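Worksheet: the structure to be examined is printed underneath.
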Amino acid sequence: MQKDMQENNVFAEGKVLLIDKPLRWTSFDVIRKIRNLIKIKKVGHAGTLDPLATGLLIVCTGKFTKKINEYMAQEKEYTGTITLGATTPTYDLESEPENFKPFDQLSVQQMQTAAQTLTGEILQTPPIHSAIKKDGKRVYELARRGVEVKLEARPVFIKEFDITKVEMPKVAFKVVCSTGTYIRSLANDFGELLGCGGYLSSLCRTRIGSFDLKDAMSMQQFESSIKNPELKNSL
């Protein structure tokens, strides 16, 4: 009992954990699992990843939860794919593709030009299927009930938007951006600029500030480290 309390105090004093979020887990699924493993309630993350996204989730425990806003404000890097030729209501694969249009006429040069148009400071409208609050309610809850939601466009900064590979209809990309950027919205805007529609078909967050995905643990690795005292000391 005394040993467990001492081990838990390590997390209560504060730790920054780098987790590679699994596909289909919500960010809160990760937090809930970690809380259960380390037996303290004060655990939070620095920036939500959608269930269909994978990659770097910064998790802070104990006294280090005070650092969450600092980490959230830092620059982020993503890789992923946009599928052209259709749109979805959620801008990703959480909903079914619709509004199919031809895309065979597009050149790589046109895609690169569209990406450059969406680089720098741009105005971006968040997806209506997002956790943003409007009149005290999460807008995705309103959207699911069929309530018409209108969100204002807001400035975000896209430092880099590079097309890395094209295998139509999928276009692979790398994006470096400011906090508050919705990559789903960027995918939708990209497809709109090209005139054929597009939606986010995969996403991985590879960096937040100086924290890199290559230094992150899987949830299985974290769970093993908690159960193995030798590994736990290295966290």
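Quantities reported herein were computed from a predicted structural model and do not represent experimental measurements. In what follows, every heavy atom counts, from backbone to side chain, and hydrogens, waters and symmetry copies are set aside.
Ring centers of Phe161 and Phe190: under 6.0 Å apart, within the cut-off.
Ring pair Phe11/Phe222 is perpendicular by interplanar angle, where above 60° counts as perpendicular and below 30° as parallel.
Using a cutoff of 4.0 Å between basic side-chain nitrogens and carboxylate oxygens, Arg207 and Glu75 are scored as salt-bridged.
Inspection of the Gln109 and Thr113 side chains reveals an N or O donor paired with an N or O acceptor under 3.5 Å. A donor atom on one side chain and an acceptor atom on the other are found under 3.5 Å apart for Thr81 and Ser202.
Here Leu123 sits alone; no ILVMFWY side chain lies under 4.5 Å from its own, so it joins no hydrophobic cluster.
Listed by first then second residue, pairs satisfying ring pair (Phe, Tyr, Trp, His ring centres under 6.0 Å) with a partner in residues 24-75 read Tyr71-Phe211, not counting sequence neighbours. Residue pairs meeting the ring pair (Phe, Tyr, Trp, His ring centres under 6.0 Å) criterion with at least one partner in residues 86-125, sequence neighbours excluded, are absent.
Lys42 is linked by a salt bridge (Lys or Arg N to Asp or Glu O under 4.0 Å) to nothing, counting only residues two or more places apart in sequence or in another chain. Contacts of Asp92 classified as side-chain contact (heavy atoms from CB on, under 4.5 Å), with partners at least two apart in sequence or in another chain: Asp50, Thr90, Glu94, Arg184, Leu200. Residues passing the salt bridge (Lys or Arg N to Asp or Glu O under 4.0 Å) test with Lys63, sequence neighbours excluded: Glu13.
In terms of heavy atoms, Pro126 sits closest to Arg154 at CG-NE, 3.7 Å.
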